[in-house]
Number of protein chains: 2
Amino acid sequence: MALEKETEEKIFTAAQEVFQKKGFDGARMQEIADEAEINKSMLHYYYRSKDKLFMAVFQAGVKKILPKLLGVLGSDKTLEEKVVQIVDFYYYIFKVNPYLPAFVIHEMNMHPERFRDFIISSQIQIPQKFKEQVEQEVADGRIMEIKPEQFLINIVSMCMMPVIAKTMVQVIFSFDEREYKEFLKERKAQIPELIMKGVKP
Amino acid sequence: MALEKETEEKIFTAAQEVFQKKGFDGARMQEIADEAEINKSMLHYYYRSKDKLFMAVFQAGVKKILPKLLGVLGSDKTLEEKVVQIVDFYYYIFKVNPYLPAFVIHEMNMHPERFRDFIISSQIQIPQKFKEQVEQEVADGRIMEIKPEQFLINIVSMCMMPVIAKTMVQVIFSFDEREYKEFLKERKAQIPELIMKGVKP
DNA sequence: GTCTATATAACGATAGAC
DNA sequence: GTCTATCGTTATATAGAC
């Protein structure tokens, strides 16, 4: 019917909102229905169960992040350019979808077995090009002895941690919303420099 | 009675186990009772409600981390020594209580308002001594222009992120348990160097 | 203090009319 | 496709015997 897709989209959007904010266990089907402004029965009509609706949201969330990140890693840019691009990308994600990173990480920890297959079947893996690039930089003596995986996690850590631990940062530093945003902005400018200087030989 | 304290402690220990692993929403009072090997009614007899039992566990968790961390920051050690001590401390926490960091961060995000009062009333704040120490290093030109808050979050990020995102790290790098542990161990040796070189002028 | 039994409410899910 | 009504289950919490 005419409204079929519209309704399904409204459900999905509402489910994203609620699941990402409250997690699978904290989310209520009724709340999703309210958020979508439709009847609760419609959720089951379109997605059959809470589990299936959740998986749709979760998988879409992962696909918003990982492919793009791996794309940057596999490009022809220099290592320094890639660092800047990764930082830019994460800050873009935080801006358009602030709850997404914490949501994905939390749900993966809650049900590791559930998502291994999905991620493995999605062909998600670190591009060989990136690994060789880091190893070449090490071999040429331009950076210290460091594994590509460690280098990548360094960047991700510096970007994501203060976002995932938002409340913690705000409370222990007594930051209001404006000060917190300013803190993140200030970091963004510093992270590439910290990362690259940190791995100097 | 003779078993009073013993029972209350068994409940508390079991509650820690279950809450930290599954979160407030995912935890079940019955599961806590099973874990403690006592009757479910005992949970309410000693703690009145799930909420109160949870708060006891959460507050104990925060007190395991923050006071010790702030103690290190407020000591007379050099900045470099403090970095090493903070890294050591976090790795100690991960070892004895692997789920605690992710638990605290997740629950704070779920209910920010709930915990502001507790943390503020606990007098938790960054020691002035640490702030002045970083500012002095900057003024003396020994490190780049960086705020104490940023410097601290850099260390915490590098330590905690790969622990909080354990499943993510394991899956995208195809690490088994042994390789993951090795990865963390390798990081531990590198983090102080990365942090200090990163802030060189 | 510890147990059994049960109250009470909420949740996910479905049946069936339209 | 969309609604109302309701089923079946499970959760927290309490009452009351011992």
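In what follows, every chain begins at residue 1, and chains take the letters A, B, ... in the order their sequences are listed. None of these values were measured; they are calculated from a predicted model.
A:Tyr180 is linked by a ring-ring contact (aromatic ring centres under 6.0 Å, His included) to nothing, counting only residues two or more places apart in sequence or in another chain. B:Arg28 meets the side chain to side chain contact (heavy atoms under 4.5 Å, CB included) test with B:Glu31, B:Lys50; sequence neighbours excluded. Partners of B:Ser49 according to the side chain to side chain contact (heavy atoms under 4.5 Å, CB included) rule, which considers only residues two or more places apart in sequence or in another chain, are B:Asp51, B:Lys52.
In this entry the distance linking CG of A:Leu43 with P of D:dT2 reads 12 Å, nearest Å. As a whole-Å value, the separation of B:Asn39 CG from D:dA15 P is 16 Å. Taking atom OH of A:Tyr45 as the reference point, atom P of C:dG16 lies 17 Å away to the nearest angstrom. Spacing between atom CD of B:Gln30 and atom P of D:dA13 amounts to 13 Å, rounded to whole angstrom units. Look at CE on B:Met29: it is 8 Å from C1' on D:dA13, rounded to the nearest Å. Separating the OH atom of B:Tyr46 from the C1' atom of D:dT12 is a distance of 20 Å, rounded to the nearest angstrom.
Near DNA chain D, meaning a heavy atom under 4.0 Å from it, residues 50-60 of chain B has B:Lys50 in order of number. Listed in residue order, the members of residues 15-28 of chain B having a heavy atom less than 4.0 Å from DNA chain C come to none.
Nearest heavy atom pair, residue B:Val134 against residue B:Ile146, reads CG1-O, 3.9 Å.
Nearest-nucleotide mapping onto DNA chain C: of A:Arg48 and B:Met42, the residue sitting toward the 5' end is B:Met42.
In this pair, B:Phe54 and B:Phe58 present their aromatic rings parallel. The plane angle is below 30°, not in the 30 to 60° band.
Ring-centre distance between B:Phe115 and B:Phe118: not below the 6.0 Å cut-off.
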Please list, for nucleotides 6-9 of chain C, all pairs of protein and nucleotide N/O atoms separated by less than 3.5 Å.
none

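When side chains are defined from C-beta on, A:Asn109 does not count as touching B:Tyr99, because their heavy atoms never get closer than 4.5 Å.
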Given side-chain hydrogen bond (donor to acceptor under 3.5 Å, both in side chains), test A:Gln190 with B:Gln150 step by step and report yes or no. CA-CA 9 Å; A:Gln190 289 179 349; B:Gln150 300 285 7; 4.8 Å; no
Working for side-chain hydrogen bond (donor to acceptor under 3.5 Å, both in side chains), residues A:Gln170 and A:Glu179: CA-CA 9 Å; A:Gln170 283 188 314; A:Glu179 291 169 321; over 6 Å; no
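Closest to the side chain of B:His44, out of D:dT4, D:dT14, C:dT2, is D:dT14. Which of D:dT14, D:dT4, D:dT2 sits closest to the side chain of B:Ser41 comes down to D:dT14.
The residues B:Asp88 and B:Lys188 are annotated as salt-bridged, a charged nitrogen and a carboxylate oxygen being separated by less than 4.0 angstrom.
B:Arg114 forms a cation-pi arrangement with B:Phe24, by the criterion of a distance under 6.0 Å to the ring centre and an angle within 45° of the ring axis.
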